[in-house]
Every structure is written in structure tokens, then in C-alpha cells.
Novice: 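This is the structure I have questions about; it appears just below.
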Amino acid sequence: MGGMAGAVRSLGQDSSVIKQKVKPGTARRTLRYAIPYSGLLALLLVVVVADAAIGVVNPLIYRRIINNGILQGNSGLIIHLAILAALLGLSGSVLGMAQTYLSSRVSAEIVLSLRTRLFEHIQQMPLAFFTRAQTGALVSRLNNDVTGARIAFTDILSDVVGNVITVALILGAMFVLSWRITLAALVLLPLFVFPARFWGRKLQGITRESYDLTSTMNNLMVERFNVAGALLAKLFGRSQEESKSFKEKAARVSDIGVKQAFYARLFLTALLAMATFASALAYGWGGVLAVRHLMDVGTVVALVSYLSHLYGPLLGLSNVQVSIMTALVSFERVFELLDLPPMIREKPQAVDIPAGPARITFDQVSFRYPSAPEVSLASLESIAIPDKRTNSTVLENISFAVEPGSLVAVVGPSGAGKTTLTQLVPRLYDVHSGSIQINGIDVRDATLNSLRDRIGVVTQDAHLFHDTIRTNLLYAMPTATDEQMRNALCDAQILDLIDSLPDKLDTLVGERGYRFSGGEKQRIAIARLLLKAPNIVILDEATAHLDSESEAAVQRALEKALVGRTSIVIAHRLSTILKADEILVVQSGTIVQRGTHAELAAQQGIYAELYQRQLSTSDVAGR
């Protein structure tokens with residue numbers, strides 16, 4: 001039955017994969033991953049050969065039991081040979097389990113190595129990569145493609161190699177016993193293979209449809225089960241419609257599962273019927289020859305036993321090209337991503353930025369967003385369209401300095417390039433021309449770890465992991481003690497709230513921190529920044545979407561966070577930056593004004609207009 005199951009799995013694979021072209025050298029590169037496990041592979045080969053040999057020896061034992069035992073009345077020989085057959089059968093079972101374990105172990109180790117490398121490589125990709133690539137496509141590479149490679153690799157290691165050896169040994173033994181009956185049995189094979197391949201294509205189509213339907217159903221669950229999706233469904237009163245939609249999709253998945261099981265069973269039934277028909281032929285023809293004393297009875301039984309184990313492996317080998325191509329295509333899709341070089345790289349001679357007071361210098365910095373081919377793959381994007389931003393310069397000739405311990409604010413209309421400017425400091429992007437220096441060291445010449453250790457960032461939408469407060473804080477400093485975490489929470493003006501919770505630091509924050517308000521999430525994010533203790537702090541509109549009370553609490557926390565640190569603050573509300581050492585007004589990617597609040601408010605320009613507009617709005621709100 002193992003050979004038959006392998007044949008069903010083989011025919012269920014998508015045969016359209018054969019039409020795909022893989023890059024030259026993919027097979028060689030794939031095999032390189034198996035080199036560290038050559039010892040296990042050699043042992044696997046020995047086990048496969050031994051298992052196949054046992055399958056060939058047993059029918060010969062049955063032949064001797066009949067010819068030399070039963071027909072000769074030798075009961076002692078019958079008992080000895082029966083015990084030998086039982087021991088060989090038990091050995092075959094043990095070898096079968098060993099074969100499964102070894103092939104699975106080798107493929108699992110290869111996939112672990114591949115998956116780990118892929119995860120590490122994706123983590124090294126620049127921010128621009130993640131703004132284009134679909135998260136689902138990346139997850140698919142790590143899960144589906146890598147798992148597909150493992151399954152195909154296991155099939156090739158175990159089923160294909162095992163089938164080749166089994167078929168070779170069985171046909172060899174059958175030809176020795178009776179070449180005429182063997183040829184007749186092989187002539188019958190096409191009568192089954194062609195219908196089986198037809199059913200196989202049906203099964204392939206059903207399998208593809210099953211994957212698509214399951215993906216659609218899973219996508220519906222992911223979108224509706226996250227906080228935002230669930231909230232939208234409730235606010236619009238769409239719960240019943242959502243349930244109906246899910247039921248329809250789940251019903252289609254259920255129906256396709258029934259059809260898939262039916263076709264798989266139909267194939268197995270046909271395979272068994274073919275083996276039965278071939279056995280009947282062998283019994284009929286061999287029986288006539290035995291009656292005429294042209295063949296002994298034991299040989300007839302041995303031939304029938306061989307035939308029952310022949311058709312499954314033969315059919316599996318008929319689809320070996322699909323198994324091999326499935327493995328190569330899966331590996332190639334993984335290699336395609338591994339071969340995409342990260343735009344942000346650390347130089348071999350990179351130097352550490354020492355801890356301590358930091359001076360930031362922008363020297364004639366210009367920047368444009370990288371094009372899609374520079375950072376991503378079309379296969380990772382649901383709709384690969386040109387990015388209109390890539391041909392235009394986002395920042396042009398930006399020059400300024402932030403002295404140690406001082407605060408520089410960046411203001412301007414939406415889309416002016418404020419956030420982009422701050423993202424260049426920790427090298428989320430690289431400048432197109434000019435340079436950014438920290439204490440005289442170009443950030444492109446610095447080690448990435450030291451650069452990012454020196455910089456802390458709080459954005460307007462602080463991200464918290466779906467885990468405990470403790471875990472979210474330890475992300476900044478894994479060795480932090482409870483006392484250090486409590487001090488950070490105290491300075492972030494949120495310790496009292498945390499202490500009031502039943503689980504305190506072990507409170508689950510929920511997906512994206514939904515169990516806390518916007519201001520509370522921001523203060524936890526500030527506590528995380530304080531634990532990191534960076535020399536440079538970047539705030540990207542950290543209070544933009546908060547109410548007045550939350551903004552006041554966050555502002556008090558920020559005052560603690562900014563003390564003694566070099567700071568760049570993007571401000572939406574100008575009231576938060578009145579004490580800034582310098583304010584830069586950015587418009588269309590250039591600095592159009594700079595100075596203190598008093599200096600800029602006294603001038604005619606964008607800053608004065610923004611300030612007067614916000615002042616008027618606050619007056620109206622106050623009334």
C-alpha cells in the first residue's frame with residue numbers, strides 16, 4: 001500500500017510545473033544543501049536497498065514453502081521458512097520506518113537551514129522592500145515554498161529512489177521466473193496508466209482549486225478576526241452577512257474536500273483492480289502451465305506476489321519528472337529571494353559609533369526612492385506597477401546640524417519629506433548624494449548594530465507586539481530587570497496604570513496594543529525607548545492623533561526621554577516644539593525656513609501661517 005499511496009501523491013502533484021523553466025544550476029545548488037548530510041543519505045540508500053531486497057526475497061520464500069515444503073510434505077522446512085518470512089516481514093517494517101525517518105530527517109534539516117537563511121535574509125532587507133512586497137507572499141515563501149521543497153525532496157529521496165530499486169529487483173526476479181508472464185504484465189500497464197493519468201489531472205485540478213478556496217477562506221478569517229476588521233463588521237452591522245459569506249466559502253472547501261477524497265479513492269480502487277486483473281492473468285496462465293508441468297505452483301504464487309507490488313512503484317515512476325520539477329521550482333522560488341541583495345549593507349571595514357553625546361550633520365543630502373527592481377521582486381507583489389516616486393527627488397540639498405543634547409524640530413505640509421528625512425539617520429534608506437554623519441562618522445561607514453543602538457525612534461502609531469508588557473519592554477533591552485522596567489515606566493508617566501492592572505507587567509497588550517488607548521500605547525513605547533537609552537531620539541509626530549489629556553501625559557514623558565539626548569522631532573502640533581533649539585520648515589523636499597519659534601513666527605512665511613492657523617483653531621475649540 002505504501003507504493004500505491006506514493007503513486008496517488010505523485011499524480012496529485014501539479015503537472016503544469018513541467019512547463020516551467022528553472023534557472024541553470026538550480027539542481028546543483030539544491031544538492032549543495034544536501035552535502036552536509038551525505039552520511040545520512042548514504043545510510044538512507046542502504047536502508048532503501050535492503051527494504052527493496054526484502055520485498056523481493058519474501059515471494060521466493062513462499063515459492064520454496066510451496067514447492068519444497070507443502071508439495072514435498074516437509075513440515076519442518078515449512079515452519080523454518082515461515083518463521084524466516086515473518087522475521088523478514090518484521091525487518092521490512094522496521095526498515096520502512098527507518099527509511100521514512102531518515103528521508104524526513106534529511107529533508108527537515110535541509111529545510112530548517114533554508115528557512116532560517118531566508119528569514120535572516122528578509123530581516124536584512126531595507127524598508128523599501130517591505131513597502132512593496134506582500135506580507136502574505138513572504139509568508140508563503142517561508143511556509144508553502146519551503147514546505148513544498150521538503151515534501152518533494154522527501155519524495156525524491158524515498159519514493160523515487162525506492163521505487164527505482166524496487167522495480168528493478170522485482171522485474172529482474174520476475175524475468176528469471178517467467179519472462180513471458182512478465183512481458184504480458186508489462187503490456188497491461190499502459191491500459192491502466194493512461195486512464196490513471198487522466199484521473200491524476202483531475203486530481204491535480206481539484207488540488208489546485210482546494211488550495212485556492214482554502215486560501216480565500218483563510219484570508220476572510222484573517223481580515224475579519226483582527227481588531228480593525230471585527231470593529232468594522234460590528235459598526236456596519238454586517239455580522240450575519242459575514243457569517244453567510246464564510247459559510248459559503250467553507251461549504252465550497254468542504255465540497256472540494258469530498259471530491260478530492262473521492263478521486264483519490266477512485267484512483268486507488270482502479271490501481272487495486274489492475275493489480276487484481278494482473279494477478280488473475282498470472283494465476284490463469286501460470287495455473288495452466290503448472291497443470292501441464294511447465295511451471296511449478298510455487299513460481300505461480302511468487303509471480304502473483306511480485307505483481308501485487310509492481311504497479312504502484314511503476315506508476316509512481318511515471319510521474320517522477322513532476323516530483324523533480326516540483327522540488328526544483330520550490331527551491332528556485334526560495335533562491336530567487338535569497339539572491340535579491342539588500343540595498344542597505346554594512347561595509348567590511350565598518351566602524352562602531354561610540355556611545356556618548358552625539359552630533360548629527362546633514363551635508364547636502366539628496367534622496368530619491370529606489371525603483372522596484374532595486375528592492376523587490378515582481379512575484380512578491382500582487383500588482384507590480386511602477387512607483388511614480390522613483391523617478392523624482394524627494395529631498396534636495398538638505399544641510400543642517402543637530403548639536404549634542406539639542407532639539408531640532410521639522411515641520412511642514414504633508415508629503416514635504418519630513419519622515420523620509422528622519423528615516424535616513426538610522427539608514428532605513430540610504431542617501432542618493434551627500435552624507436549624514438554622527439560625530440564625524442558617515443552612517444554608511446558605521447556598523448548597523450552600533451548605529452541603531454545609538455538611535456531610538458517613536459512614531460505616531462507605536463507598534464506593540466501581541467504579547468505581555470514585559471516582553472514588549474525587553475525587546476529594547478533583553479537583560480533589563482523588573483526595577484529597570486519599572487523606572488522606565490515611571491519616567492514614561494504610566495507606571496501607576498500598569499501597577500493597577502491585575503497582571504501588572506505580565507498583562508497582555510493585545511494585537512497592536514489594542515487593549516490600551518493611543519496615549520497609553522505611546523507611553524509604553526516611550527518606556528521601551530528609555531530602556532534602550534539611545535544617544536539620539538527621533539520622534540515622528542508622536543502626539544499627532546492624541547486628545548489633549550493624552551498629549552499632555554505623553555509630552556511629560558517625552559520631556560524625560562529627551563533630557564540630555566540629541567533629538568529630531570517631527571511636529572504636527574506646533575505648540576509641542578516652542579522650546580526647540582531650531583525649527584526647520586520643509587516644503588517639497590527642501591528647507592525653506594529655519595530658526596527659533598520666535599524668529600519664524602515674526603517672519604512672513606509657511607511657519608507663521610501654520611502657527612496662526614493652529615492658534616485660531618485652538619481658540620475656536622476653547623470657546
Side-chain angles (χ1 to χ4, degrees), residues 124-131 341-371 374-375 387 389-412 415-457 459 532 534-540 565-570 580-595:
Q124 294 171 8
M125 301 306 288
L127 186 63
F129 170 82
F130 296 98
T131 62
M343 285 192 67
I344 308 298
R345 298 185 183 184
E346 186 177 286
K347 292 182 178 179
Q349 294 80 30
V351 298
D352 288 339
I353 297 177
R359 184 179 193 272
I360 306 172
T361 306
F362 277 66
D363 185 10
Q364 296 183 328
V365 169
S366 295
F367 172 78
R368 66 165 179 81
Y369 283 104
S371 62
E374 290 178 294
V375 294
D387 193 335
R389 301 177 305 176
T390 58
N391 295 323
S392 59
T393 300
V394 179
L395 298 174
E396 183 72 40
N397 198 28
I398 300 289
S399 294
F400 67 92
V402 188
E403 299 300 329
S406 65
L407 187 155
V408 169
V410 183
V411 301
K418 304 185 297 296
T419 296
T420 303
L421 185 148
T422 59
Q423 288 175 338
L424 297 176
V425 181
R427 285 194 75 191
L428 299 181
Y429 295 95
D430 268 344
V431 300
H432 184 59
S433 63
S435 67
I436 299 174
Q437 300 172 13
I438 298 177
N439 290 342
I441 301 173
D442 192 315
V443 294
R444 291 168 295 185
D445 296 329
T447 58
L448 289 173
N449 282 340
S450 71
L451 176 65
R452 287 161 188 177
D453 282 345
R454 304 292 164 262
I455 300 172
V457 181
T459 62
K532 184 179 182 180
N535 303 120
I536 298 170
V537 173
I538 296 174
L539 305 178
D540 187 355
R565 294 185 169 98
T566 305
S567 310
I568 300 178
V569 178
I570 298 175
D581 296 291
E582 185 177 31
I583 299 172
L584 306 177
V585 183
V586 179
Q587 185 178 37
S588 300
T590 61
I591 298 176
V592 294
Q593 285 183 292
R594 66 176 72 201

Novice: From Gln587 CD over to Lys418 NZ, what is the distance, rounded to the nearest 0.5 angstrom?
Specialist: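 If we round to the nearest 0.5 Å, Gln587:CD and Lys418:NZ are 10.5 Å apart.
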Novice: For the residue pair Ser399 and Asp363, what are the closest heavy atoms and their distance?
Specialist: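 Between these two residues, the closest heavy atoms are OG-C, 3.8 Å.
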Novice: Taking Pro357's backbone N and O only, do any of them form a donor-acceptor pair with Asn439's side chain (distance below 3.5 Å, no angle check)?
Specialist: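 Looks like yes, one N/O pair under 3.5 Å.
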Novice: How are the rings of Tyr429 and Tyr369 set to each other: parallel, tilted or perpendicular (split at 30° and 60°)?
Specialist: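 Perpendicular.
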Novice: Indicate the atoms forming the closest heavy-atom contact of Ile344 with Leu448, along with that distance.
Specialist: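 So the two residues come closest at CG2-CD2, 4.2 Å.
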Novice: Kindly indicate, with the supporting measurements, whether the criterion side chain to side chain contact (heavy atoms under 4.5 Å, CB included) is fulfilled by Ile591 and Ile398.
Specialist: CA-CA 7 Å; Ile591 298 176; Ile398 300 289; 3.8 Å; yes
Novice: Rounded to the nearest 0.5 Å, how far apart are CD1 of Ile583 and CG of Leu407?
Specialist: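 One gets 9.0 Å once the value is rounded to the nearest 0.5 Å.
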Novice: I need the minimum non-hydrogen distance between Glu346 and Ala350, along with the two atoms involved.
Specialist: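 Heavy-atom minimum between the residues: CG-CB, 3.7 Å.
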Novice: With rounding to the nearest 0.5 Å, note down the distance linking CG in Asn397 to CD in Gln364.
Specialist: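 Between atom CG of Asn397 and atom CD of Gln364 there are 5.0 Å.
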Novice: How long is the straight-line distance from CZ of Phe400 back to CD1 of Ile568, given to the nearest 0.5 Å?
Specialist: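 Nearest 0.5 Å value for the CD1-CZ distance: 5.0 Å.
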Novice: Checking side chain to side chain contact (heavy atoms under 4.5 Å, CB included) against Ile438, which of Val402, Thr566, Ile536 comes through?
Specialist: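 Going through the options one by one, the only one that passes is Ile536.
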Novice: What's the separation between atom CD in Gln437 and atom CD1 in Ile360, rounded to the nearest 0.5 Å?
Specialist: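 CD1 of Ile360 is found 11.5 Å from CD of Gln437.
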Novice: What is the distance from atom CG of Leu451 to atom OG1 of Thr447, rounded to the nearest 0.5 Å?
Specialist: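 Answer rounded to 0.5 Å: 7.5 Å.
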Novice: Where the side chain of Arg359 meets the backbone of Ala401, is there a donor-acceptor pair that is under 3.5 Å apart?
Specialist: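 Not a single qualifying donor-acceptor pair exists.
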Novice: So which heavy atom on Asp442 is nearest to which on Ser435, and how close?
Specialist: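 Looking at all heavy atoms of both residues, the closest pair is OD2-CB, 3.4 Å.
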Novice: Taking C-beta and beyond as the side chain, do Arg444 and Asp430 meet within less than 4.5 Å on heavy atoms?
Specialist: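 The answer is yes; the side chains approach within 4.5 Å.
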Novice: Please find the pair of heavy atoms, one from Arg368 and one from His432, that lie closest to each other, and give the distance.
Specialist: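 Scanning both residues completely, I find the closest heavy atoms to be NE-CE1, 3.7 Å.
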Novice: In sequence, state the C-alpha distance, the side-chain angles, and the governing distance for Phe367 and Leu421, and then conclude on side chain to side chain contact (heavy atoms under 4.5 Å, CB included).
Specialist: CA-CA 9 Å; Phe367 172 78; Leu421 185 148; over 6 Å; no
Novice: Of all the heavy-atom pairs spanning Ile455 and Val457, show the shortest one and how long it is.
Specialist: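 Heavy atoms only, the tightest pair is CG2-CG2, 4.0 Å.
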Novice: Between Asp540 and Thr459, is there a side-chain donor-acceptor contact under 3.5 Å, judged purely by atom types and distance?
Specialist: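 There is no such pair between these side chains.
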Novice: Less than 4.5 Å apart, side chain to side chain, heavy atoms only: is that true for Arg427 and Ile436?
Specialist: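 Heavy-atom side-chain distance check fails, nothing below 4.5 Å.
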Novice: Indicate yes or no: at least one non-hydrogen side-chain atom of Arg454 is less than 4.5 angstrom from one of Pro534.
Specialist: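 No. Closest side-chain heavy atoms not under 4.5 Å.
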Novice: Considering only heavy atoms from C-beta outward, does the side chain of Glu582 approach that of Ser406 to under 4.5 Å?
Specialist: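 No. Closest side-chain heavy atoms not under 4.5 Å.
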